[in-house]
Each structure stands twice: as C-alpha cells, then as structure tokens.
Amino acid sequence: MNIPFLDNWRKRQGGTREVALAAAVETDPDGVAELFAECELLRARAGQCGLELDDSPASLSALDQLPPIWRDDPEELPWVGNDAGLYLGTVLVRTVPGAAWDILAGGKPVVRLASGREIDVVAAGLDWAMSGSPELSEMYAETAESGPEVKTR
C-alpha cells in the first residue's frame with residue numbers, strides 16, 4: 001500500500017513502511033481509520049452500479065449483490081479485493097464495539113476485536129472479489145456475532 005504521508009514519516013524516522021503504519025495506528029487511529037475507509041476504487045465501482053456505500057452493515061449486503069465486473073480485469077481484481085477488505089474492516093470498526101484497526105508484522109492491516117481476535121479483512125476481501133465467497137455480509141455477521149453487541153449508526 002502506497003501511503004505518501006507514511007513514506008515521509010518513515011524517512012524522517014529511519015524506519016520501514018510497516019513500522020510507520022503501525023506507529024500511525026497508535027498515534028492517530030482515527031486518521032488511519034479514515035484513510036482505510038476511503039476505498040476509492042470500490043466506492044467508484046459501486047457508484048457505477050447506483051450503490052452509495054454508507055459504511056453500514058446493510059451496504060455489505062448490497063455489495064454482495066453487485067455483478068462482479070471487476071473479475072473481467074485481472075489488474076483491477078486485486079485492488080477491488082483490497083478495497084473490499086478495507087471496507088469490511090471499516091464497517092466492523094464503526095459498528096462493533098471494541099473493534100479497532102491494528103497492524104501486524106509485515107504491515108498487514110487487521111481488525112482486532114475486543115476479545116483479542118484478529119480478522120484478516122483484506123484476505124476476506126480478496127476472496128470475495130475473486131470468488132464471491134464468503135460474502136462480505138456473512139463475514140460481518142459472523143464477526144459481529146462473536147463480539148459484544150453491535151451498536152447501531
């Protein structure tokens with residue numbers, strides 16, 4: 001993931017991109033959450049189909065119903081999958097109490113639940129983009145079920 005402000009910070013700190021991202025999650029979790037929530041390509045493809053993503057669990061169900069036109073473009077598919085995973089994570093962080101972004105070694109973003117369970121949302125998004133399974137709404141439901149009660153927006 002190319003994140004210019006993290007590259008600049010890394011150069012000043014003499015660290016790696018992964019260290020910069022992990023530090024940013026600790027020092028500015030809201031800023032990182034907003035960055036992950038952008039999902040520009042996914043939002044654009046959804047918009048082309050008349051779907052506005054509002055960061056709600058219902059929008060995940062609507063995404064599951066979109067025709068997977070990105071599968072026709074092998075260059076676009078992994079980017080849509082990455083965005084789908086970050087979007088799933090965004091919905092989880094915004095609606096499941098205690099859910100927060102975390103960065104694993106190697107710079108992999110995950111959602112950590114209050115229970116400590118880590119959800120590899122990017123891998124789930126890639127699976128969804130490639131095959132449609134598991135559905136994003138299904139991943140959300142299973143994750144939200146395993147945590148505390150879901151808050152409404």
Side-chain angles (χ1 to χ4, degrees), residues 1-7 10 16-26 28-96 98-147 150 153:
M1 181 181 297
N2 183 17
I3 306 172
F5 82 86
L6 289 176
D7 288 340
R10 176 180 51 89
T16 65
R17 187 175 300 185
E18 293 81 13
V19 169
L21 187 54
V25 168
E26 287 183 26
D28 187 12
D30 292 336
V32 171
E34 286 303 312
L35 179 70
F36 286 167
E38 287 181 7
C39 313
E40 287 184 47
L41 182 58
L42 181 70
R43 289 180 190 276
R45 294 298 169 261
Q48 289 171 344
C49 295
L51 173 61
E52 183 179 339
L53 300 180
D54 63 0
D55 302 347
S56 70
S59 67
L60 294 171
S61 294
L63 269 175
D64 289 335
Q65 303 307 310
L66 291 181
I69 56 176
W70 52 85
R71 291 187 196 143
D72 296 334
D73 185 347
E75 290 184 23
E76 185 172 287
L77 187 136
W79 294 105
V80 170
N82 186 74
D83 275 7
L86 293 176
Y87 185 72
L88 170 62
T90 295
V91 175
L92 286 166
V93 167
R94 291 185 175 171
T95 61
V96 176
W101 287 105
D102 198 5
I103 305 300
L104 300 181
K108 179 191 277 191
V110 297
V111 172
R112 186 175 307 278
L113 302 178
S115 66
R117 179 176 169 213
E118 296 169 353
I119 310 299
D120 187 348
V121 291
V122 172
L126 289 169
D127 288 345
W128 173 82
M130 290 190 296
S131 67
S133 180
E135 292 183 338
L136 297 174
S137 58
E138 180 183 318
M139 282 292 301
Y140 175 84
E142 289 173 4
T143 302
E145 226 175 66
S146 69
V150 177
R153 282 181 37 98

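Scope of the values below: all heavy atoms of this structure, side chains included, with no hydrogens, waters or symmetry mates. Predicted, not measured: the structure shown is a model, and the values here were computed from it.
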Who passes side-chain hydrogen bond (donor to acceptor under 3.5 Å, both in side chains) against Glu38, sequence neighbours left out? none

If you compare all heavy atoms of Ala129 against all heavy atoms of Gly81, which two are closest, and at what distance to 0.1 Å? CB-CA, 3.5 Å

Contact check, side chains of Pro109 and Val121, non-hydrogen atoms, under 4.5 Å: no

In chain order, what residues pass the side-chain contact (heavy atoms from CB on, under 4.5 Å) check against Pro29, with sequence neighbours excluded? none

Heavy-atom count check: over 12 atoms from other residues, nucleotides or ligands less than 6.0 Å from Glu52 CD? no

According to side-chain hydrogen bond (donor to acceptor under 3.5 Å, both in side chains), who are the partners of Arg43, at least two apart in sequence or on a separate chain? Asp55

Taking only residues at least two apart or on different chains, which pairs with a member in residues 57-76 satisfy ring pair (Phe, Tyr, Trp, His ring centres under 6.0 Å)? Trp70-Trp128

Partners passing salt bridge (charged side-chain N to carboxylate O under 4.0 Å, His left out) against Asp102 (at least two apart in sequence or in another chain): Arg112

Enumerate the residue pairs fulfilling salt bridge (Lys or Arg N to Asp or Glu O under 4.0 Å) with a member in residues 75-91, sequence neighbours excluded, ordered by first and then second residue. Arg45-Glu76

Taking side-chain contact (heavy atoms from CB on, under 4.5 Å) as the definition, give me every residue that meets it alongside Ala46, ordered by chain and number, with sequence neighbours left out. Leu51, Leu53, Leu63, Leu66

Search all heavy atoms of Gly89 against all heavy atoms of Val111 and return the closest pair with its distance. CA-CG2, 3.6 Å

For the atom pair CG (Leu113) and CD1 (Ile119), what is the distance rounded to the nearest 0.5 Å? 4.5 Å

Sorted by chain and residue number, the salt bridge (charged side-chain N to carboxylate O under 4.0 Å, His left out) partners of Asp28 (sequence neighbours excluded) come out as none

Inter-residue atom distance Trp79.CH2 - Leu41.CG, 0.5 Å rounding: 9.5 Å

Are the side chains of Leu86 and Trp101 in contact, using a 4.5 Å heavy-atom criterion? yes

Enumerate the salt bridge (Lys or Arg N to Asp or Glu O under 4.0 Å) contacts for residues 57-74, please, sequence neighbours excluded, ordered by first and then second residue. none

Atom pair CD (Glu142) and CD (Glu135), whose distance is rounded to the nearest 0.5 Å: 10.5 Å

Measure the shortest side-chain to side-chain distance between Pro57 and Val91 over non-hydrogen atoms and say whether it is less than 4.5 angstrom. yes

Taking only residues two or more places apart in sequence or in another chain, which ones pass side-chain hydrogen bond (donor to acceptor under 3.5 Å, both in side chains) with Thr90? none

Any heavy-atom pair between the side chains of Lys108 and Asp120 that's under 4.5 Å? yes

Distance from Asn82 atom CG to Phe36 atom CZ, nearest 0.5 Å? 9.0 Å

